[in-house]
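Only one structure is covered here, and it is reproduced in the block below.
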Amino acid sequence: MSQTVSYTRDGELAVVTIDNPPVNATSQAVRAGLLEAINRAVADDSRALVLCCAGRTFIAGADITEFGKPPLAPALPDVLDALEALPKPVIVAIHGTALGGGLEAAMAGHYRIADSRAKLGLPEVKLGLLPGAGGTRRAPRLMGVKPSLELMTGGAPISAEAARASGLVDRVTQDALLPAALAYARELLAAGATPRPTAAIVPVLDGIDTAWFAAEKTALRKSARGRTAPQRIVDALELGVTLPPAEAALRTREMFLELVSSTESKALRHLFFAEREAAKLPADCRDATRRTVERIGVLGGGTMGAGIAMNFAESGLHVTVIETDDAAAARALERIRSTWQAARAKGRLDDATLAKRLERVRVSTEFSLMADMDLVVEAIFENLQVKQEVFGRLDAVCRPGAILASNTSYQDLDAIAAATSRPADVIGMHYFSPANIMKLLEVVRGAKTAPDVVATVMDLARRVGKIPALVGVCYGFVGNRMLIPYGREAQMLLLEGATPSQVDGAMEEFGMAMGPCAVGDLAGLDVGFRARSSRSDRPDDPRWFRVGDMLAEQGRFGQKTGAGFYLYEAGGRERRPDPAVEQMIRDEAARLGVAQRAISATEIVERLMYAMVNEGCRALEEGIAQRASDIDLIYANGYGFPAVRGGPMMYAQTVGLGDVLARIRAFREQLGPRYWEPSALLVRCAASGESLP
Ligand code: T1G
């Protein structure tokens with residue numbers, strides 16, 4: 001047997017153990033070893049086969065690293081068909097996370113026993129795929145068509161107990177899993193149990209017909225806008241319960257291969273690995289001893305501070321929120337309490353959880369309470385002097401070794417750190433609003449931030465469910481820095497003849513959750529206006545963000561004032577074009593002498609995206625971003641960038657760096673070099689054919 005699949009006997013039982021760390025993915029070696037074990041069980045005098053895994057989990061899926069490469073025999077569907085066809089009972093012992101091909105392997109077995117802590121799921125849809133190893137035929141036979149559709153299109157795992165209740169699993173045990181599985185196998189044999197191939201189960205189709213599947217696809221076109229995999233999953237499920245297994249398998253395989261080579265799946269797989277790459281620390285931080293972080297202080301109980309406090313409390317940590325006066329403190333606590341009570345009202349959490357969370361949050365005006373904190377996150381007014389003053393106070397109050405973090409979006413973290421006697425303890429934790437919901441966290445490493453502080457905060461971020469990306473110090477770090485050229489080009493195009501609706505429409509058709517003008521109205525045009533006004537390095541160009549500045553100067557801040565780029569009903573979010581704004585833009589363009597012309601959606605996408613990509617290349621050149629994939633992760637998780645395109649840098653590589661460079665050079669000719677000088681990295685990679693680093 002191969003070292004990844006072992007075959008042993010326990011009396012009359014054949015025990016097949018897969019050992020392929022870290023997650024027992026069904027690599028080619030695993031598939032070949034499993035097939036060899038199956039053939040051996042066919043030939044020997046064993047009476048049943050028990051399939052289990054070593055290490056921390058049962059098979060967690062096919063080996064994603066093999067996708068996109070020439071397929072290597074044996075194919076997983078064929079191996080699982082052989083397992084299902086074994087003329088002896090196959091008992092599968094499940095622990096950890098039986099996901100994707102792992103759960104498909106379990107369903108190809110005849111009987112299943114799971115550790116009570118196990119999770120089971122078919123998350124292929126999150127990778128732009130469908131269950132390609134029989135799951136679309138076997139899941140509906142074991143758990144019913146509707147529950148299997150939810151499992152496959154939702155992609156979320158279910159508990160062992162839920163799996164038992166649904167029919168996916170026969171037994172759940174809290175005892176040692178392998179002995180329990182062996183005992184279960186012997187119990188089955190003693191009861192005369194025979195092989196129970198899932199394929200032989202007749203699916204229950206009460207009220208489920210072609211129209212039902214069509215309705216499910218229509219619903220998914222809305223809930224999973226722009227995604228192909230959910231549509232194909234419904235198709236495969238319909239084939240799986242209506243066609244003979246062999247024909248269904250053939251047609252499903254064709255759909256799987258179509259998906260695995262799709263840009264959508266390549267993009268989602270890219271982001272899967274990007275998230276894991278981003279968590280890898282720089283060499284000087286990797287082995288640092290992490291500091292203990294259990295008590296958290298948050299300065300500021302506004303929208304951001306309250307969201308940050310909720311995120312920590314939801315992760316089991318105790319948080320003390322400091323506000324400037326009793327009224328503000330009361331508002332902060334009410335903001336937190338009402339958010340959780342609303343979630344409770346929607347059934348998203350129970351009374352006990354709500355009570356525990358509230359116990360973990362304390363709001364006070366006593367700054368001296370920061371003395372006991374292990375980590376303090378400052379989330380106060382976005383002004384450098386105010387932040388420097390507060391960090392000076394933290395420096396005086398906090399215990400030695402406490403980590404002092406700023407949630408600043410733009411301010412110079414090194415200047416903030418310089419306001420303390422301990423710059424090594426200062427780091428940036430740039431959250432995205434709402435901070436208790438948005439996964440992305442830009443962890444900003446200052447020039448003097450200590451390696452153990454970086455390591456501690458990066459680990460803490462994952463502990464509280466965030467997706468951390470380590471970035472360097474510059475104006476806007478990575479995400480907001482790249483948003484500036486993106487927004488600049490949007491507003492230049494308005495002066496050149498496009499309307500807000502055209503710009504937003506083009507970018508939303510591209511896949512952005514919201515177009516740049518609508519985003520500005522949502523965030524508040526006064527926020528950007530204040531940030532731009534305080535910049536000493538503002539370009540000497542009267543067109544630069546001119547429209548946004550005019551709107552802010554007129555008090556048109558967007559949704560919060562009922563008018564910005566668009567008009568909004570009082571308190572509403574539904575945007576309506578405003579002819580007065582469009583006329584104002586035309587008049588200002590005339591005053592600035594900007595020629596008017598019809599502008600295509602293609603030019604809008606290219607101008608905004610390539611300006612962003614060019615800036616991303618500069619951030620890579622300067623070491624502000626560690627990896628192009630980090631940039632993609634930032635945009636997919638913090639800025640509503642369509643995950644099915646993998647992120648701005650993957651998008652540029654999908655288009656072709658040479659083509660992107662050619663368009664940037666064309667814009668340089670058309671619009672001048674001020675904003676369109678191509679980055680040296682882009683030029684180099686386009687010429688060499690290398691990928692962005
Ligand atoms: N293939 C290859 N490598 C994988 C992998 C996989 N399926 N899953 C994880 N890894 C690597 C990961 O890159 C990391 O590597 C290490 O394992 C630890 O992962 C035919 C087609 C199982 C819940 O989608 O959800 O089956 O960075 O850091 O936080 O129908 O990994 O250490 O070098 O995430 O404890 C379906 C994906 C595949 C599950 C564990 N399965 N994995 O989380 O560890 S498609 C999935 C996860 C499929 C079939 C279809 C998680 C985890 P490195 P980690 P973790």
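Note that ligands are numbered from 1 as they come in the structure, with each ligand's atoms numbered from 1 the same way.
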Under 3.5 Å donor-acceptor, Asn311 side chain and Gly307 backbone: no
Nearest to [atom], what protein heavy atom do you find, and at what distance?
{"atom": "atom 39 (C) of ligand 1", "answer": "Ala60 O, 3.3 Å"}
{"atom": "atom 33 (O) of ligand 1", "answer": "Lys280 NZ, 3.6 Å"}
{"atom": "atom 20 (C) of ligand 1", "answer": "Glu104 OE1, 3.6 Å"}
{"atom": "atom 12 (C) of ligand 1", "answer": "Arg276 CD, 3.7 Å"}
{"atom": "atom 29 (O) of ligand 1", "answer": "Arg462 NH2, 4.6 Å"}
{"atom": "atom 44 (O) of ligand 1", "answer": "Arg56 NH2, 3.5 Å"}
{"atom": "atom 11 (C) of ligand 1", "answer": "Pro22 CG, 4.4 Å"}
{"atom": "atom 25 (O) of ligand 1", "answer": "Leu99 CD1, 4.1 Å"}

Does an N or O anywhere in [X] fall below 3.5 Å from an N or O of ligand 1?
{"X": "Gly100", "value": "no"}
{"X": "Leu127", "value": "no"}
{"X": "Gly101", "value": "yes"}
{"X": "Glu124", "value": "yes"}

SB check [X] [Y] (cutoff 4.0 Å):
{"X": "Asp81", "Y": "Arg253", "answer": "no"}
{"X": "Glu275", "Y": "Arg462", "answer": "no"}
{"X": "Asp459", "Y": "Arg291", "answer": "no"}

Residue selection (non-hydrogen contact nearest atom 4 (C) of ligand 1) among Leu122, Val23, Thr65: Val23
Option set Pro21, Ala62, Ala25, criterion heavy-atom distance to atom 7 (N) of ligand 1, minimum: Ala62
4.0 Å protein heavy-atom contact status of atom 35 (O) of ligand 1, strictly under: yes
Residues that Gln174 engages under side chain to side chain contact (heavy atoms under 4.5 Å, CB included), provided they are two or more places apart: Ser116
Proximity flag Gly135 to ligand 1, non-hydrogen atoms under 4.0 Å: no
Polar side chain donor-acceptor pair, Ser265 to Arg269, under 3.5 angstrom: yes
